[in-house]
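Report on the structure given below.
Numbered from 1 within each chain, the chains take letters A, B, ... in sequence-line order.
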Protein chains: 2
Amino acid sequence: MRIRLDLDYDGTDFHGWARQGDSDLRTVQKVLEDNLGMVLRAPVELTVAGRTDAGVHAAGQVAHFDIPRESLQQRSIDGDPTKLVRRLSRLLPEDIRVHGVNYAPEGFDARFSALRRHYVYRITTHPAGPLPTRVRDTAAWPKPVDIQAMQTAADVLIGLHDFVAFCKAKPNASTVRELQEFTWHDVSTPTEPQLYEAHVVADAFCWSMVRSLVGSCMAVGEGRRAGDFTAQLLTATERSPDVPVAPAKGLSLVGVDYPDDDQLRARAEETRAVRGALPGAP
Amino acid sequence: MRIRLDLDYDGTDFHGWARQGDSDLRTVQKVLEDNLGMVLRAPVELTVAGRTDAGVHAAGQVAHFDIPRESLQQRSIDGDPTKLVRRLSRLLPEDIRVHGVNYAPEGFDARFSALRRHYVYRITTHPAGPLPTRVRDTAAWPKPVDIQAMQTAADVLIGLHDFVAFCKAKPNASTVRELQEFTWHDVSTPTEPQLYEAHVVADAFCWSMVRSLVGSCMAVGEGRRAGDFTAQLLTATERSPDVPVAPAKGLSLVGVDYPDDDQLRARAEETRAVRGALPGAP
């Protein structure tokens, strides 16, 4: 049986998503696999839609695992995986929440069936820094910024490009991606003035890409870089040391889109052919 | 010189607002007074608009302190207290933010000049619990609730009443208050379903009053208490053990209203006459 998980986490106190071999490093994958394995009394190995770095959050992450049917027949679950939501909420630490546990449709692969990933980056330029109750998921930038200049710098990045300048190098991994949305929003309130959000959507992201996209736009918005800075970066043939990488804490994976059920297998095969062994960390 | 501070804090890791005598207990007042005293090279004693309990947050707290004029003449401040905002943001821990430092108007008293205090209580009934990035300022309630029933239970509490049933006892302190607003809002989003906010406004609150008002409405909303539960409580002559006190983490002080500057002194005198030594913790 394949099970689909819909989950959220505060990445502050995790070393990212991925289990680090046999080490005891506290990662989301390790804590989740250990707890699921205990409840289901069977080894659990998760495949995730978007591997997130240390400090990066999720409010809409998706994963899947395969489990023998019998593991779900125990009395408290009785073949109904949705019962695991409340059970896990009592077991898991409060910085992980599993809000959906369902049988996955035929052909579903959390990673390879995904059409696109949605990220939000939350950042304030207020001199006093972020609101304390949001300091774990809001980054601070020391200087005021011009949101129009940032949007112009973002617009040139839309479409299919080689984002090598924005990606941490990974041996023989393609850095060609299709950036489908990159919009800046002033979401200031009286309680949180000078607050901005970037909404970033792509088929997939390479390592550190979203934080680099955000950092480069902030540098333009602050006036430290010229308006054509991002366009210049698109012509680079290797990672650029000039790109400021925005802090992890501002970044949240907020959604993963999948095709209709009858397209899931085909999508997975298509992506595997293109991405193959490519890791998907933003 | 009197200085007005506008500030915010995440109450999770504080033992409330008030300094605990000479103890080293980490309170908001102690951390703030110690840092201000260091920067201004003079003892600082804060008077606050609303003393908050351990675990309670603020996004709009107000305080004042008196300081010799010379303390503000040092080179980095140069008589302009607003320069303390950025200075304090570098000094203070990230769970306190001072977003306003200004000369207080003539006659201003953060506590006695206040007209009313605004609180928000944030709570979810989702079986998976709060979104992890909001778990520090969102309470969890195990059962679904009927928001209409909660609103009806809240409506009867509006006006001038003796809220003794809802207040932790304090020797010779009046529990008569004027509850000016108590409204329930469904603020659910796809990311945070089954999420509610109570907006509570009063001239002042007695100890633990807001959390008791919220807890009693939740008990009605969940169906554990009849619809006339809150009306019954208004007839009580002492604190009621039946009132569930909602967890501190859901509560935030979000604003304090003051009269126009020319009314500040009169308001302070009026309130002192009524409240006198009354502590103002919600």
Query raised in the report: Non-hydrogen atoms of chain B under 4.5 Å away: do they reach the side chain of Arg90(A), the backbone, both or neither?
Result: neither
Report task. Go through the atoms of Asp137(B) and report whether side chain, backbone, both or neither lie under 4.5 Å from a heavy atom of chain A. Result -> side chain
Report task. Below 4.5 Å from any heavy atom of chain A, which atoms of His57(B) appear? Answer side chain, backbone, both or neither. Result -> side chain
Query raised in the report: Any idea which of Gly60(A), Ala58(A), Gly129(A), Gly11(A) has the most non-hydrogen atom pairs under 4.5 angstrom with chain B?
Result: Gly129(A)
Report task. Could you tell me whether the side chains of Gln194(A) and Thr125(A) share a donor-acceptor contact shorter than 3.5 Å? Result -> yes
Query raised in the report: In terms of heavy-atom proximity below 4.5 Å to chain A, should Pro130(B) be classed as side chain, backbone, both, or neither?
Result: backbone
Query raised in the report: Got a sec: does the CG of Asp186(A) have more than 12 other heavy atoms crowding it under 6.0 Å?
Result: yes
Query raised in the report: Does the pair Glu94(A)/Arg134(B) count as a salt bridge with the N-to-O cut at 4.0 Å?
Result: no
Query raised in the report: Between Arg122(A) and Thr138(A), is any side-chain donor less than 3.5 angstrom from a side-chain acceptor?
Result: yes
**Report entry** Charged N-O contact under 4.0 Å between Asp203(B) and Arg116(B)
**Finding:** no
Query raised in the report: Given the options Ser89(A), Pro93(A), Pro127(A), which has more heavy-atom pairs under 4.5 Å with chain B than any of the others?
Result: Pro127(A)
Query raised in the report: Out of Ser252(A), Pro190(A), Pro132(A), which one racks up the most heavy-atom pairs below 4.5 Å with chain B?
Result: Pro132(A)
Report summary line: Under 4.5 Å to a heavy atom of chain A? For Ile96(B) that would be backbone
Query raised in the report: So, are Arg136(A) and Asp10(B) salt-bridged, with charged N and O less than 4.0 Å apart?
Result: no
